[in-house]
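Here's the structure we're looking at; comments come further down.
We count ligands from 1, going down the list as the structure has it; atoms in each ligand are counted the same way. Here, residue 1 is the first one in the sequence, and each next residue gets the next number.
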Amino acid sequence: MLWGGRFQQGPDAMALRFSSSFHFDFRLLKYELKVNTAHVEMLNEIGIIEGKELVEITDGLNSIEDEFVKLGKSVEGEYEDIHSFIEKTLFDKIGSVALKIHSGRSRNDLVVTSVMMWMRENVNTLIKEIKFLQLIILRKAEAHQQVLIPSYTHLQRAQPVSLAFHMLSHIYKLERDIERLGFVLSQIDKCPLGSGAIAGSTLPLDRGSVGKKLGFSSVSENATDSTNQRDYILDMLHASSVGMIHLSSLAEEIILWSTKEWDFVKISEEFTTGSSLMPQKRNPDIAELIRGKTGRASGNYLSLSTTLKAMPFGYNRDLQEDKEALFDSFDTFYMSVKLMAGIINGLSFNEDRFVEELNNDFTLSTDLADWLVMKNIPFRKAHDLVGRIVLDCEEKKVSFSKMTLEHLKIFDQIFDASALEAISLRGAFERKKTTGSTNPEFVREEIEKWKRKLNLESA
Ligand code: ARG
């Protein structure tokens with residue numbers, strides 16, 4: 001216990017179990033040891049710890065990680081938190097000189113510093129994994145520029161697009177996820193250590209020196225805010241929640257595409273499971289779980305934002321609730337990103353699946369209306385005219401691909417041979433001209449752009 005002096009009784013066993021954070025904050029060990037080392041080095045620089053003591057303490061700190069691995073799970077329940085574990089273990093190893101390490105600091109500034117360091121490393125790892133997922137999607141896009149699929153609005157067939165174009169849309173979502181994580185990194189770049197419990201310290205601490213040793217760009221400005229605010233964790237929970245929402249809708253598409261009804265993709269066996277009852281089944285469980293765990297990520301944001309609401313003044317123990325949400329959202333997002341890369345890498349596409357159906361469909365109706373607009377027909381009139389043509393075709397069971405000029409002329413004499421081209425499947429792609437459209441030339445340029453951005457050799 002770090003605070004026994006003014007107490008005559010130890011804590012109630014259940015109260016200790018209820019309040020202990022050690023079973024999750026042990027994940028901060030590596031960072032907490034770095035923070036401790038930087039702090040004692042600084043205490044030595046300002047003359048509070050002697051050189052000999054510094055060596056003893058840092059040697060002791062260096063052995064704690066191994067000690068923890070040795071003790072493993074058996075230490076759970078014994079300690080209030082990771083901070084108590086380190087101080088007690090250090091004391092057991094090097095004796096009373098260990099009692100000096102907490103000079104000029106509090107667990108309130110210590111915990112936020114360690115969490116920020118944990119976040120810096122792990123958010124950077126997460127960004128790398130999202131980039132890798134972008135790369136996997138890009139490879140699939142590049143290999144499927146000629147594959148045509150229907151796009152959907154309202155889950156009804158809308159307009160034909162290339163599979164490459166569709167895949168690129170997911171790369172953009174992931175890019176914004178990376179930008180959100182970049183913002184999170186920008187919010188954890190001021191070292192809070194030295195804020196003390198709430199008001200700073202009477203000791204002549206060199207906060208700049210500690211911050212620099214720990215890789216922060218500067219030090220935080222207000223000790224009350226530094227120990228009380230958890231905005232950066234909320235930002236991370238938000239970034240994870242939006243990221244999971246993106247992965248969830250990607251998972252949903254893959255699940256739909258893999259059904260007999262869609263019959264567009266096969267998910268590789270490694271990412272599917274069987275049914276305990278129906279021998280024929282192969283279920284997309286991993287994609288389903290990515291979709292399902294999105295609720296957990298959104299819940300973590302709600303959970304911490306509710307905890308933080310009406311948080312008075314400085315540190316309150318409620319703030320300990322930040323870490324389980326943080327670790328859980330990170331683990332969920334990180335694993336989902338990695339698994340999604342595996343799923344997409346292993347997808348095989350039924351490339352010809354839609355060609356016939358798109359030819360026999362009316363997904364190029366807008367293209368025909370656009371053709372009329374270019375002949376100076378107001379769009380509303382063009383829309384109505386094409387609607388009547390589609391109705392007639394449906395009644396006569398004629399698709400656009402079988403349409404003749406004579407048939408079109410029944411509706412309006414304005415039609416000529418170029419109108420038939422407007423409703424030919426391949427031609428429709430080339431004629432899309434706007435930036436951001438499914439035009440194959442734009443899609444090719446987009447792929448090259450993303451290759452450069454993701455640092456790939458073009459080949
Ligand atoms: N386990 C605590 C947390 O995560 C550490 C800080 C405790 N501070 C305190 N004054 N009791 O927030």
Among protein heavy atoms, which lies nearest [atom], and at what distance?
atom: atom 11 (N) of ligand 1; result: Arg107 NH2, 3.6 Å
atom: atom 10 (N) of ligand 1; result: Asn108 OD1, 3.1 Å
atom: atom 7 (C) of ligand 1; result: Tyr315 OH, 3.5 Å
atom: atom 1 (N) of ligand 1; result: Gln320 OE1, 2.8 Å

**Request:** Taking the six-membered ring of Tyr31 (Phe, Tyr or Trp), confirm whether the NZ or CZ of Arg120 is under 6.0 Å from its centre and within 45° of its axis.
**Result:**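 Judged by the rule (NZ or CZ under 6.0 Å from the ring centre, within 45° of its axis), Arg120 is not positioned above Tyr31.
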
**Backbone or side-chain N or O of Arg317 under 3.5 Å from ligand 1 N or O** =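 In this structure, Arg317 places no N or O atom under 3.5 Å from an N or O of ligand 1.
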
**Prompt:** Got an N/O contact under 3.5 Å between Glu80 and ligand 1?
**Reply:**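 Not met; the criterion fails.
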
**Asked** In this structure, are over 12 heavy atoms from other groups packed under 6.0 Å from Glu357 atom CD?
**Response**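 Atom CD in Glu357 is crowded, with more than 12 foreign heavy atoms closer than 6.0 Å.
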
**Asked** Is the number of heavy atoms from other residues, nucleotides or ligands within 6.0 Å of NZ (Lys140) greater than 12?
**Response**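 Yes.
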
**Prompt:** Would you call His83 a ligand 1 contact, heavy-atom distance under 4.0 Å?
**Reply:**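 His83 counts as a contact of ligand 1 under the 4.0 Å cut-off.
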
**Prompt:** Under the salt bridge (Lys or Arg N to Asp or Glu O under 4.0 Å) test, which residues partner Lys30, sequence neighbours left out?
**Reply:**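 Salt bridge (Lys or Arg N to Asp or Glu O under 4.0 Å) check on Lys30 returns Glu121.
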
**Asked** Hey, are the side chains of Lys293 and Met335 touching, using non-hydrogen atoms and a 4.5 Å cut-off?
**Response**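 In short, these two side chains do not touch, never coming nearer than 4.5 Å.
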
In terms of atom number and element, which parts of ligand 1 are under 4.0 angstrom from non-hydrogen atoms of [X]?
X: Lys323; value: 3 (C), 4 (O), 12 (O)
X: Val111; value: 4 (O)
X: Asp81; value: 1 (N), 5 (C)

**Message:** Does the plane of the ring in Phe68 sit parallel, tilted or perpendicular to the ring in Phe26? Use 30° and 60° as the thresholds.
**Reply:**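 Parallel: the ring planes of Phe68 and Phe26 meet at under 30°.
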
**Message:** Are Phe354 and Phe264 an aromatic pair, judged by ring center distance below 6.0 Å?
**Reply:**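 Close enough - the centres of the two rings lie under 6.0 Å apart.
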
